[in-house]
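If you read the sequence from its start, that first residue is 1, and numbering goes on from there. Ligands are counted one by one from 1 in listed order, and the atoms in each one are counted from 1 as well.
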Amino acid sequence: MKGLMMEQPLLVASLLMHAQRHHADQEIVSRRVEGDLHRYRFADLAARSRRMANALGGLGLRPGDRVGTLAWNGYRHMELYFAASGSGAVLHTINPRLHIDQLAYIVEHADDRVICFDLSFLPIVEALAARLSGPRLFVAMCDPDHMPAAIPPGMSMLCYEALIDANGDDYAWPLLDENTASSLCYTSGTTGNPKGVLYSHRSTVLHTYAAALPDALNCSARDSILPVVPMFHVNAWGLPYIACMVGAKLVFPGPALDGKSLHELIEAEQVTLSAGVPTVWQGLLAHVAEHGRRFTSMRRTVIGGAPCPTAMAVQFQEHHQVEVLHAWGMTELSPVGTVCSFKSHQLSMPADARYALQAKQGRAVFGIDMKIVDAEGKDLPWDGEAAGNLLVRGPWVSRTYFRDEASEPLEDGWFPTGDVARIDRDGFMQITDRSKDVIKSGGEWISSIDLENVACLHPGVASAACIAARHPKWDERPLLLIVRKPGSGLAKDELLAFFDSKVAKWWKPDDVVFVDGFPLGATGKVLKNKLREQFQHHYAPAMTQASPPG
Ligand code: ADP
């Protein structure tokens, strides 16, 4: 039977067409690699995206071919989002912070036909070109005056602005099947090779609807949005698409991610909503604290990718009246899964209880089903106590990996996230660990994230990481690694005493090591596997005097 409703496919290009029709004058402001501030409107974005789509066609790209990008957050990158996906090719955003071996692996695996890059990544592009098996076409995202003076022999390089100028904007976005692939993003993979997650037009548009909702990222035409989270990292959590859907102003920081540059941009462009990982916000908060700056327009900030320390939420909310939206997601989830926004009965809770709630990663957005299970796969209750493996399913959760279709990651139709979590009666999920980061002491789990949260509440602590160190009696015991705030003389005993009455006695870390900094991965997260390698034998010499936890 034919349906009663129109069968309009959900397509990425339709987001751009909507923005062009309804928000033509809305601004997109970008700090460029060249150092200046570029500004244009959604109407310009749409016209230049069509020119670029014509250019890609002229370069011989066929439907399904991959277009790689090595680029910061900026308007040219956004044009490629639509030119590539909208024309039926696949936009492959590459994380330039990865090791060159991983970059070469990813480009070969994705078989990128064309790679568009910001000039700051020229050294990476040259190193890549020397390693790749076949010749690729590189496009420098600049005007002819800024083209690299010398190009290594055998390397084909075109100029982005020359391509734009050489092509007209007369282009009709094709009516694709909504299940066509639109973009590709590789997981950072701390072990093994990175895996490609292939999004479809349908999954992208559905994710955009859900992520924009009031209890999710809460975006509207009255917002000025600063995505600090990179466009090469799960499509900047979908914000470029969301801005088109709702008609919000977009402010792109380019390569300048230090506290001073971000604060200047936030104020100059009257940013109302920003989004990024905790490490970026640390730099921003340190800058505003040091120079006594305020936020005059920013109302909300989305913090995700790693747990948001309560101290950070307190600083944003108490000192700056910026509401924190703690969110959880993964590359395999496009990425938004849960967002911590209050229900009405929680608004009147005392401050302590509200901050405890905000340490949780939040409620599932519509479209994401979640559950926690024990080691045998049995459902665990939503009582805020039981912790188990977190599984999810939904129309923007990946089913398999690109060019690895034989792999079967799903368990009974559910995607195992690799996270361990609790869920409370109100449906608020709290990650207690990555399954491989869990600390198992005497057969019981200790949450490393809970311990890090407590440590971060101490005024002398800049950042904390808690890992499992091998223990002769208890198998594993928590070891706390701490980066002190500049000028702080915080001592071990003082910090350990700080845990008394805040956690169960047997959860209290056995020791503290002060370090200068943590090894960070390509997405700014602490590499706990590296810390474990370095410190896993920390308690081994104490074998005979091991004191049992009380
Ligand atoms: P992203 O960093 O964008 O979330 P990745 O796929 O690189 O995407 O990493 C996903 C993993 O990051 C999750 O499985 C989880 O372990 C961790 N993660 C993401 N958001 C949070 C958060 N708010 N709190 C704790 N861990 C998080």
Side-chain angles (χ1 to χ4, degrees), residues 93-95 97-98 102 106 184-192 194-199 207 211 216-217 227-239 275-281 301-310 312-313 324-341 357-365 368 370 372 387 389-392 396-398 401 409 415-423 428-438 447-453 456 463-466 520-529:
T93 50
I94 307 169
N95 184 341
R97 297 193 186 120
L98 292 172
Q102 280 188 319
I106 284 175
L184 176 64
C185 193
Y186 281 74
T187 59
S188 347
T190 40
T191 53
K195 292 184 287 223
V197 179
L198 193 60
Y199 309 111
H207 175 268
L217 307 189
V228 180
V229 53
M231 290 169 77
F232 55 73
H233 183 63
V234 218
N235 300 322
W237 296 345
L239 288 167
V277 295
T279 36
V280 164
W281 298 138
T301 184
V302 185
I303 303 184
C308 167
T310 299
M312 183 171 281
V324 164
L325 287 170
H326 190 192
W328 167 84
M330 306 181 69
T331 307
E332 286 90 338
L333 267 79
S334 308
V336 178
T338 65
V339 182
C340 192
S341 44
L357 189 64
Q358 282 191 298
K360 303 185 180 186
Q361 281 71 11
R363 303 182 268 133
V365 296
I368 295 291
M370 64 180 179
I372 42 174
N389 297 316
L390 177 68
L391 293 113
V392 293
W396 55 85
V397 179
S398 81
Y401 292 102
F415 177 77
T417 61
D419 286 322
V420 178
R422 300 185 276 253
I423 305 178
F428 283 67
M429 184 274 287
Q430 181 164 29
I431 306 269
T432 58
D433 265 305
R434 289 295 288 163
S435 51
K436 50 190 181 301
D437 292 339
V438 132
S447 161
S448 65
I449 296 177
D450 283 358
L451 295 179
E452 288 158 11
N453 268 332
C456 285
S463 48
C466 194
L520 296 182
T523 56
K525 298 186 206 191
V526 175
L527 292 175
K528 286 205 180 168
N529 56 337

Nearest-contact summary for [atom] - protein heavy atom, Å:
atom: atom 23 (N) of ligand 1; answer: A327 O, 2.7 Å
atom: atom 2 (O) of ligand 1; answer: K525 NZ, 2.7 Å
atom: atom 1 (P) of ligand 1; answer: H233 NE2, 3.4 Å
atom: atom 16 (O) of ligand 1; answer: D419 OD1, 2.6 Å
atom: atom 24 (N) of ligand 1; answer: Q361 NE2, 2.8 Å

I want to check something: taking the side chain as every heavy atom from C-beta on, are [X] and [Y] in contact at a cut-off of under 4.5 Å?
X: M429; Y: C340; result: no
X: C308; Y: Q361; result: no
X: L98; Y: Y186; result: no
X: V526; Y: L520; result: yes

Location of contacts on R434 toward ligand 1, heavy atoms closer than 4.0 Å: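 Within the 4.0 Å criterion, R434 contacts ligand 1 through side-chain atoms alone.
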For ligand 1, find out whether one of its N or O atoms is nearer than 3.5 Å to an N or O atom of G304.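 No - when backbone and side-chain N and O of G304 are compared with those of ligand 1, no distance drops under 3.5 Å.
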Can an N or O of E332 be found at a distance shorter than 3.5 Å from an N or O of ligand 1?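 Looking only at distances, the answer is no, because the N/O contact criterion of under 3.5 Å is not met.
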Number the atoms of ligand 1 from 1 as they appear, then name those within less than 4.0 Å of a heavy atom of [X], with their elements.
X: V234; result: 3 (O)
X: T331; result: 5 (P), 6 (O), 7 (O), 8 (O)
X: W237; result: 3 (O)
X: H326; result: 22 (C), 23 (N), 24 (N)
X: W328; result: 13 (C), 15 (C), 18 (N), 19 (C), 20 (N), 21 (C), 27 (C)

For residues [X] and [Y], report the shortest heavy-atom separation together with the two atoms involved.
X: V234; Y: S334; result: CG1-C, 3.6 Å
X: T432; Y: A387; result: OG1-CB, 4.4 Å
X: Y199; Y: L184; result: CD1-N, 4.5 Å

Out of G418, G329, C308, C185, indicate the one that has the non-hydrogen atom closest to atom 10 (C) of ligand 1.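 Comparing heavy atoms across G418, G329, C308, C185, the nearest one to atom 10 (C) of ligand 1 lies in G329.
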Out of A421, G305, P307, P230, whose heavy atom is nearest to atom 19 (C) of ligand 1?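 Going through A421, G305, P307, P230 one by one, G305 has the nearest heavy atom to atom 19 (C) of ligand 1.
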Distance-only, no hydrogens or angles: does the [X] side chain make a donor-acceptor pair with backbone N or O of [Y] under 3.5 Å?
X: D433; Y: V420; value: no
X: Q358; Y: A313; value: no
X: E452; Y: C466; value: yes

